[in-house]
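Notes follow once the structure below has been shown.
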Amino acid sequence: MRRLGENLRSRRIILGLSQELVAERADVSRPTLMRLETGEGGKIEHLMKIASVLGIAEDLISAVDPLNTDLGRARAHLLGRQRAPRRK
């Protein structure tokens with residue numbers, strides 16, 4: 001969690017966005033954003049809202065798609081899916 005939070009914070013800083021602005025755009029409180037950035041936890045809903053503001057929501061979704069791995073593709077039959085979704 002701490003590493004994820006640090007990466008969120010770094011991304012925000014690189015984009016030149018303040019905590020106040022990101023929190024407002026994500027419709028979360030600044031303390032919520034601060035908790036996520038320090039790795040203290042939070043709701044996945046809030047994480048995804050913040051990731052969307054930072055432009056990385058689709059990256060997070062793709063990162064956990066099991067069909068983006070060799071093992072996942074080899075066992076795709078267990079999911080009833082054959083291929084990873086096409087990227088836009």
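Count residues from 1 along the sequence.
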* Residue pairs, two or more places apart or on separate chains, that pass side-chain hydrogen bond (donor to acceptor under 3.5 Å, both in side chains) and touch residues 44-56 -> none
* To do: Can you sort out the partners of Arg3 under salt bridge (Lys or Arg N to Asp or Glu O under 4.0 Å), two or more places apart, ordered by chain and number?
  => none
* Identify the heavy atoms of Pro66 and Leu79 that sit nearest to each other, and give their distance. => CG-CD1, 4.0 Å
* **Non-neighbouring partners of Leu15 that pass side chain to side chain contact (heavy atoms under 4.5 Å, CB included), sequence neighbours left out** => Arg11, Leu17, Leu54
* Asked: To the nearest 0.5 Å, how far apart are CZ in Arg25 and CG in Leu33?
  -> 13.0 Å
* To do: Before giving the answer on side chain to side chain contact (heavy atoms under 4.5 Å, CB included), spell out for Leu47 and Leu4 the whole-Å C-alpha distance, their side-chain angles and the decisive distance to 0.1 Å.
  => CA-CA 10 Å; Leu47 171 64; Leu4 176 61; 4.1 Å; yes
* **Verify same cluster id: Leu21, Ile50 (apolar side-chain graph, 4.5 Å)** => yes
* To do: Measure the shortest side-chain to side-chain distance between Val22 and Leu8 over non-hydrogen atoms and say whether it is less than 4.5 angstrom.
  => no
* Under the 3.5 angstrom rule, does the side chain of Ser62 hit a backbone N or O of Asp59 as a donor-acceptor pair? -> no
* Are Val53 and Met34 linked, directly or through other ILVMFWY residues, by side chains that come within less than 4.5 angstrom of each other? -> no
* Asked: Quick one: side-chain hydrogen bond (donor to acceptor under 3.5 Å, both in side chains) pairs with a partner in residues 28-38, sequence neighbours left out?
  -> Arg12-Glu37, Gln19-Arg30, Gln19-Glu37, Glu20-Arg30, Ser29-Thr32, Thr32-Arg35, Thr38-Glu40
* Asked: Which heavy atom in Leu67 sits nearest to a heavy atom in Gly72, and how many Å separate them?
  -> CD2-O, 3.4 Å
* Structure fact -> By side chain to side chain contact (heavy atoms under 4.5 Å, CB included), Ile44 pairs with (sequence neighbours left out) Met48
